[in-house]
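What follows is a set of notes on a single structure, which appears directly below.
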Amino acid sequence: METLEKYFSKGESREEQSLVKESEAFQELFYKPNLATNLTKAYLVGAGYDGEKHLAFLKLYEPEEGKIYIWYDDSFHKPYCFSKQSIQELQLNEALIKHEGFEKFEEEEKYDALEDKKVKVTKIIAKDPLSIGGKPSGSIRDILKAWEADIKYTECYIYDKGLIPGMPYKVENGKLIPIEYSLNPQILNAIKNALKDDVNNLDLLLNWAKLLECPVPKFLRAAVDIEVYSPIATRMPSASEAEYPVICASIVGVDGEKKVFLLKRENIQEGDAPLPNETKVIYVNDERKLLLELFKAMLKYPFILTFNGDDFDLKYLYNRAKKLGFPKESIPIELGRESASVIHGIHIDLYKFFFNRSIQIYAFNQKYRENTLDDVGKALIQFGKKEIQKPISELTYSELAAYCLTDSIITLNLTTFNDSLVMKIIMALSRIAVMPMEDVSRQGVSNWIRSMLYNEHRKRGYLIPRSDDILSLKGVTATEAVIKGKKYKGAIVVEPLQGIHFNVAVLDFASLYPSIIKVWNLGYETILCPHEECKSNKVPGTPHWVCTKKRALESLLIGSLRDLRVKWYKVKAKDKTLNEETRNLYAVIQSALKVVLNASYGVFGAETFSLYCPPVAEATAAIGRYIITKTIEKAKELGVNVVYGDTDSIFLGNPTEEQLKELINWSKSTLKMELEVDKWYRYVALSSRKKNYLGVYKDGTVDIKGLTGKKRHIPEFLKRAFYEMIQILSQVETKEEFNEAKEKIKKIVKDCYFNLKNRKYSLEDLAFKIVISKPPKGYVKTTPQHVKAAQLLESKGIEIKPGDLISFVKVIGDLGVKPTSLASIEEVDTRKYVEYIESTFEQVLDALGTNLSELIGHTKLEAFFEG
DNA sequence: GCGGACTGCTTACCT
DNA sequence: ACAGGTAAGCAGTCCGCG
């Protein structure tokens, strides 16, 4: 049996016994920033505002030393906003003139894109950011109609100085100088060549390429995790109260350092849970010492990673340290309203990053479904949380250490796997969004796009429009949505032609909506523009028109990013002549671009987007409908059988190469849209349902879309039976072979039914697993089954939070359901499960031109087997 | 008082 | 806090029924 002895660093642990004089110990933690006076190469990773010095500052990361340097603004840049009133008029505004934060006026000329004309504006300069906006009342933006008054000051600073977060800079005698990155001539030529069709915005495009191709440094980082004592096992201690002691903390560095700090408590056994070899286990008698040592260890790493550190770990540490009498300056943590930062560097909360829906779907292809460290870890690095059988507070020292350490290891590894993929994505997004890493990793895609567009406005001297002005000028939609309560009509789904179709080509438009925004010049300034002569340039299917005189910034930016992704990064990511590392890099960039592009249409229809402009979104969707409709017409004209289509794709039954070529060329020349062959199926099984099909590729791999058997809430036993059926269908090559397949499917259904009736399946197999999206009390209109189950769990004292996965089985009785953990196999309502078997299989049999009753010869499974 | 038709709610999915 | 469209199952309501 191994004991913890070997992990002890004997000397250190003796030292722990006698606490150094406290004040001296705290002194060690007092943060002394490294000031940037001369640096040869450092990356811009953060920005802030120093309230005492009244100066903006930047955080520059020097990767050779692994240190962060602080650089203070040397231009006396001040926060400001704009007014359309003249200085003379504003002079009469007493509240403004006498405002304690007001400094001075300056006259400026800006381009007002909403009106398409130059405007004279007055720049109202303030002494500090809060005076512009942010005070509970009486900020300058509250006393008059102001423009650009709700941009975060650090962002404002970054845009004005032309800085790009994530890019390298040097400092010479205190002066900050960008390090120009130039593309190597070979790459430059290759890009030019790939994009030769789009010469008009080549410069913009090459500028993006420079940002994206510029190498990313290695980040000296460590993951931190803590465990807190809790008197009630099922309850998470509150981070704002920080009532209970931190009993364990771990820190795992990318340099291999692994430390676990354990608080000595009474009646806790050492235990014999194994730990990784180089782990340093440090026991302390005093919780203050534990925090002190952890803080000291954190200070060595400029980048601190956590999983939910904003809301828990760092928040808890900060509040706990204060409670234990730490002087404020000795706590290397600062709490914001919704985040926690580390004073000496950068804190990245990976929970926030992985929780981001766009990241989850487009960057990681829905590989993880729940937003727990366990689920994300298992999905991305095949490494889940340590399983524990007891509450945290009852674990032995070694179990606790192993548990806590594992969390930090997973957290760190989530940023190291695949050649630090996650760090690279964050850097790429940081550069595209012109937003520091800490913000980009916490905020959603609509804020990234906002920041990208704001920066471009500033760069070009555009006045950033107020949301209410956009809305009052261009807030109206003209189409009616199919779904009640939606703002406008969306995409078309083609009625599927039920049955089996062999040799089906699936064509789709590459990035349809971004292409539309590019080709049709869509943006808040060009839709419903003020020019009489543009009014005839109508968006099909709507009364809206689009400007013919000015190019919209959105169209320009989204268009160039789209071209770069489709024609360069996507192609290079698949280029087998490149080595794996290079290909990977291209893949990372293309997926970051994908995340941004996929949202670029939706944001215009999202009220929370600061450039919200519903007719832009409506026009995009309308043009999409026009394009797919015209394409289907053309295909039919060419004599091709269109069997299905959805939004940007059409499924063509057995087309000739000639027909495909003609259709693709027609699309390019007539619609200005790039249509391409995306997939080629050996056969597709279409039921009568939309968004619901099974496609088998020539090599036998299968695409399953929308079928019940694939949905993640369905019981495991049914999923297994479903996939057995898929396995059989994947082997079918010809029409004739379906008969044989049907026989095999019949057997699967039969087996499934008998196992169910004879209660051969475990409760786990029978469990439905449904996410509860609100707290159980939040369901006032109806009480769905998973909520009933959740209520039962709550009555047993189990905490249920939004986002939890509720596992329940269907049972006989009034409620009809029970949580899996509280049910027994005898009370299972098999009839309900039989209905599920029926409907799951019917979906596929429907497409095969048969059904269960035909297959089995009876109308109901039950009747057939019982009879 | 009960069952069928209907609407609305909720979740999971597709593009 | 990116959008709209679709499938499925269940909850709840209304209506007819001497």
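Lettering of chains follows the sequences in order, A, B, ..., and the numbering in each one begins at 1.
Sorted by residue number, the members of residues 683-690 of chain A with any non-hydrogen atom under 4.0 Å from DNA chain C read A/R689, A/K690.
Each end of the helix from B/dG1-C/dC17 to B/dT15-C/dA3 gets its own rotation axis from five pairs of C1' atoms, and the angle between them is 20° to the nearest 10 degrees.
When heavy atoms are screened at a 4.0 angstrom cut-off, A/R369 is found touching the sugar-phosphate backbone but no base atom. A/F509 comes within 4.0 angstrom of nothing in the nucleic acid, heavy atoms only. The residue A/A481 sits close only to the backbone: its heavy atoms come under 4.0 Å of sugar-phosphate atoms, none of a base. Within the 4.0 angstrom heavy-atom criterion, no nucleotide atom of any strand lies near A/I806. In this structure, A/Q843 reaches the sugar-phosphate backbone alone: every heavy-atom distance under 4.0 Å involves primed, P, OP1 or OP2 atoms, never a base. Residue A/G602 is classed as a base contact, given a heavy-atom separation below 4.0 Å to a base. A/Y362 comes within 4.0 angstrom of a nucleotide base, judged by non-hydrogen atoms across all strands. Using a 4.0 Å heavy-atom criterion, one finds that A/F604 contacts no nucleic acid atom at all. Within the 4.0 angstrom heavy-atom criterion, no nucleotide atom of any strand lies near A/R357. As judged by a 4.0 angstrom heavy-atom cut-off over every strand, A/S839 is placed among residues touching the sugar-phosphate backbone only. Using a 4.0 Å heavy-atom criterion, one finds that A/E842 contacts no nucleic acid atom at all.
Salt-bridge formation is detected for the pair A/E764/A/K769: a Lys NZ or Arg NE/NH1/NH2 atom is positioned less than 4.0 Å from an Asp or Glu carboxylate oxygen. Looking at A/K690 and A/D646, no side-chain N of the basic residue comes within less than 4.0 Å of a carboxylate O on the acidic one, giving no salt bridge.
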For residues 429-441 of chain A, please give each side-chain donor-acceptor pair under 3.5 Å, one per line with the distance, not counting sequence neighbours.
unit_1 : atom_1 : unit_2 : atom_2 : d
A/S430 : OG     : A/M435 : O      : 2.6
A/R431 : NE     : A/G166 : O      : 3.0
A/R431 : NH1    : A/L211 : O      : 2.8
A/R431 : NH1    : A/C214 : O      : 2.7
A/R431 : NH2    : A/G166 : O      : 2.8
A/R431 : NH2    : A/P215 : O      : 3.3
A/E438 : OE2    : A/H347 : N      : 2.8
A/D439 : OD1    : A/K152 : NZ     : 3.2
A/D439 : OD2    : A/K152 : NZ     : 3.4
A/S441 : OG     : A/M437 : O      : 3.0
A/S441 : OG     : A/E438 : O      : 3.2

Inset, instruction - Encode nucleotides 4-11 of chain B as B, S and - characters from 5' to 3', where the letter depends on protein heavy atoms closer than 4.0 Å: B to the base, S only to sugar-phosphate, - to neither. - result: ----SSSS
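The two residues A/S687 and A/D846 come nearest to each other via the heavy atoms CB-OD2, 3.8 Å.
A close approach under 4.0 Å does occur between a side-chain nitrogen or oxygen of A/S446 and OP1 or OP2 of C/dC2. Close to C/dC10, at under 4.0 Å from its OP1 or OP2, lies a side-chain N or O of A/K810.
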Inset, instruction - Begin from the C-alpha positions of A/Y351 and A/D311 and carry the test side-chain hydrogen bond (donor to acceptor under 3.5 Å, both in side chains) through to its verdict. - result: CA-CA 10 Å; A/Y351 173 77; A/D311 285 328; over 6 Å; no
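In this structure, A/K378 is not positioned above the aromatic face of A/Y368 in the sense of NZ or CZ being under 6.0 Å from the six-membered ring centre and within 45° of the axis. Geometrically, A/K810 engages A/F768 in a cation-pi contact, judged by NZ or CZ lying under 6.0 Å from the ring centre and within 45° of the ring axis.
A/E835 pairs by the salt bridge (Lys or Arg N to Asp or Glu O under 4.0 Å) definition with A/K832, not counting sequence neighbours.
Comparing atom distances between the A/N447 side chain and each of B/dT15, C/dA3, C/dA1 picks out C/dA1 as nearest. Among the nucleotides C/dC2, C/dG9, B/dT15, the one closest to the side chain of A/D648 is B/dT15.
Going from atom NZ of A/K788 over to atom P of C/dG9 covers 16 Å, rounded to whole Å. For the pair A/I516 CD1 and B/dT15 C1', the interatomic distance rounds to 12 Å; values are reported in whole Å.
The shortest side-chain heavy-atom distance between A/T620 and A/L512 does not fall under the 4.5 Å cut-off.
Within the structure, ring pair (Phe, Tyr, Trp, His ring centres under 6.0 Å) contacts touching residues 593-614 of chain A (residues at least two apart or in different chains) are A/Y513-A/Y601, A/F604-A/F609.
Judged by distance alone, the side chains of A/Y488 and A/T542 never bring a donor and an acceptor atom under 3.5 Å apart.
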